[in-house]
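Below is one structure, written out as structure tokens; comments come after it.
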2 protein chains.
Amino acid sequence: MSEMPLQVLPPLTALRSFEAAARHGSFSRAADELCVTHGAVSRQVRVLEDWAGVALFDRVGKRVVLTNVGRRFSDKVSSAFGDIAAAARTLRADTNSTRVLTLNILPTFAMRWLLPRLSKFQFAHPQIELRLVTSDQPLERIAPGLFDVAVRRQSALEPGEFRTGIIFTEDELPVCSPAFAEAHPVRQAAEIKSLPLLVADTRAGSWDRWFAAAGESSVSNDAAFRRFDHFYLALQAAIDGLGFALGPLPLIEEDLAQGRLVAPLSGPKLSAVPYCWAVRSSETEDPAVTQFITWLEEEALNFRRSR
Amino acid sequence: MSEMPLQVLPPLTALRSFEAAARHGSFSRAADELCVTHGAVSRQVRVLEDWAGVALFDRVGKRVVLTNVGRRFSDKVSSAFGDIAAAARTLRADTNSTRVLTLNILPTFAMRWLLPRLSKFQFAHPQIELRLVTSDQPLERIAPGLFDVAVRRQSALEPGEFRTGIIFTEDELPVCSPAFAEAHPVRQAAEIKSLPLLVADTRAGSWDRWFAAAGESSVSNDAAFRRFDHFYLALQAAIDGLGFALGPLPLIEEDLAQGRLVAPLSGPKLSAVPYCWAVRSSETEDPAVTQFITWLEEEALNFRRSR
DNA sequence: CCTTCTTGTGAGTTAAACTCACATATGTCT
DNA sequence: AGACATATGTGAGTTTAACTCACAAGAAGG
């Protein structure tokens, strides 16, 4: 045949590195995800840019920012890789009798609400195997195909890359252990400014908002704050009598009921960003995913009713 | 983060080899397309089957046939690779001021109908560059992204992987040069069985069908047939006085009008499979493709009116 | 000014990908 | 039945793409 096959697909290793870098906005983070050095990602992106004859990233100092064509191209590639990942997962699932759902859950939500209930789901759906990953990474930075259902706190339910639904909302109020309350008898918001205040990096600014809602100025001495990586650590510290934490109802309702925590202050309950489930919009309806979300929403409804 | 990136994408080099092999139904043809040896394709398919834990091809002797899961998987991968190829083409086109359309055309149609007219299209659309590939390879075997518009002869216009439209239909009748007719004065179909009959591999069986339509038995002596790879070679041989060919109107109308060919027999005009244009259904609407097809259909309409 | 984090790249290493050559299976033709 | 053609499978060796290592350089933050 008088015919010349074209190289219509770009170099695929380069494409994979590019897509991860685009999604993370960082060569270093992409390298972490792909288990290579940042130098490998840098070179692969360069290979793709040479092949395409166009810059895909602008170099801003030592940071990279996607160009407009880079953004459009990476969106298409991400979508295609997502399709391939989904097809590959289905292919591999054909060899197993159970369906594995990968859940990507905020650590505090996992520790204090989901894990105690997961056995109910497993019992009801023995043919679905759950794999739990805890993370607070932004969802749009997670590779397509790396999770089936995620839980994040978010305020906007706009249509977009993800379909979402509210699980429940939270109110935050200061709590401490009974022993701590007895040792520091306080009633007014202004009074706790001099006491240790426990805060999680993942909820930065929440104390400032609480004081503002109580009509108080912010705490000026940062030394009063004890910082923790995750909120469940801060909560555990409060239970252990290390100070006040802003406890989120309903997650701490059980602790209040059991007397592990008390809420001695008369200040306001601060509305917080609701917990939501999320799935990628592009993924086709999966019965196991639907079953899990249905169960999640029913558990949340039952939970709200029992408060 | 307490998080382990999964290897959600299969090995991409293996995937590329698998997709080509699936599309061709042959490791050897896939190797030709990818410019590697068949051994490389064989190994890559094995890598993918090991990764997936499932057979993607059944080995039937020394031939391979896709399994059911292999078929489903390859359809998804082909589609995704098509999306990537299209996005890559758009990416590269951004660096050029002209749009390149790749046409994949049957050789005879290209030689005798399209090429003489392409200058009209170029003149009307100077911002669209045409790249002509001649081939009679089945379209479903051609890699996604390797052509924008194809021309093939096909009888069914079923919805499927390709959108198609009729360009024109053909009638076939025996023709020869005037010199040959003078040297062999014949009038009835039966009389030409003893004369050299020119046939193209791509139109095998057409003489049998013509004799049947004329109420005659087939030519029993195969030695009477002179075979050519392509039909335009057979036609050129007829013009050169080497025998009778089954000439397709309207492609030979100009030759008849100019006296290069004559049709001395009184036998039937045999309806043949129509010429059709085809584009992949999955590809998004491209203005250049639409413009080309509109022009093609207008030229065909004008051509039919002028007969 | 020092530290931290990020990307870029020269030089060298690793291993994935490939070729070569031969074996084997099947179909076709004489 | 044997020769030939075409296809895939694979051992052994080669090639080179991909990668690591180590360092340089730019920017931000304390």
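Naming convention: chains lettered A, B, ... in sequence-line order (proteins, then strands); numbering from 1 in each chain.
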Could you check how far [atom1] of [X] sits from [atom2] of [N], rounded to whole Å?
X: A:Arg43; N: C:dG8; atom1: CZ; atom2: P; answer: 11 Å
X: B:Leu15; N: C:dA16; atom1: CG; atom2: C1'; answer: 16 Å
X: A:Asp32; N: D:dC19; atom1: CG; atom2: P; answer: 14 Å

| query | Considering only heavy atoms from C-beta outward, does the side chain of A:Leu66 approach that of A:Ser74 to under 4.5 Å? | reply |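 A side-chain contact exists here, since the closest heavy-atom pair is under 4.5 Å.
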| said: When you compare the side chain of B:Leu139 with that of B:Arg280, does any pair of heavy atoms fall below 4.5 Å? | reply: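 No. Closest side-chain heavy atoms not under 4.5 Å.
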| request: Give a yes or no answer on whether the side chain of B:Arg63 reaches the backbone of B:Gly25 with a donor-acceptor pair at less than 3.5 Å. | output: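 No; judged by distance alone, with no hydrogens or angles, the pair does not exist.
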If the cut-off is 4.0 Å, is [X] near the phosphate of [N], judged by side-chain N/O to OP1 or OP2?
X: B:Thr37; N: C:dC18; result: no
X: B:Gln44; N: C:dC18; result: yes
X: A:Arg59; N: C:dG8; result: yes

Among [options], the nucleotide that comes nearest once only the side chain of [X] is considered:
X: A:Lys62; options: D:dG26, C:dT9, C:dC18; result: D:dG26
X: B:Thr13; options: C:dA17, C:dT19, C:dG8; result: C:dA17
X: B:Arg63; options: D:dT6, C:dT19, D:dT10; result: D:dT6

| task | List the steps and the verdict of side-chain contact (heavy atoms from CB on, under 4.5 Å) for A:Phe73 and A:Thr67. | result | CA-CA 10 Å; A:Phe73 185 57; A:Thr67 60; over 6 Å; no
| said: Applying side-chain contact (heavy atoms from CB on, under 4.5 Å) to A:Asp148 and A:Arg89, what does each step give before you reach the verdict? | reply: CA-CA 11 Å; A:Asp148 296 296; A:Arg89 190 163 61 249; 3.6 Å; yes
| task | Give a yes/no verdict on base stacking between C:dT6 and A:His38: centres under 5.5 Å, planes within less than 30° of parallel. | result |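 Stack criterion not met.
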| task | Please state whether the rings of B:Phe57 and B:Phe18 are parallel, tilted or perpendicular, taking 30° and 60° as the class boundaries. | result |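 Perpendicular.
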| field | Residues in contact with DNA chain D, drawn from residues 20-30 of chain B - heavy-atom cutoff 4.0 Å | value |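 When residues 20-30 of chain B is checked for heavy atoms under 4.0 Å from DNA chain D, the hits, listed by number, are B:Ser26, B:Phe27, B:Ser28.
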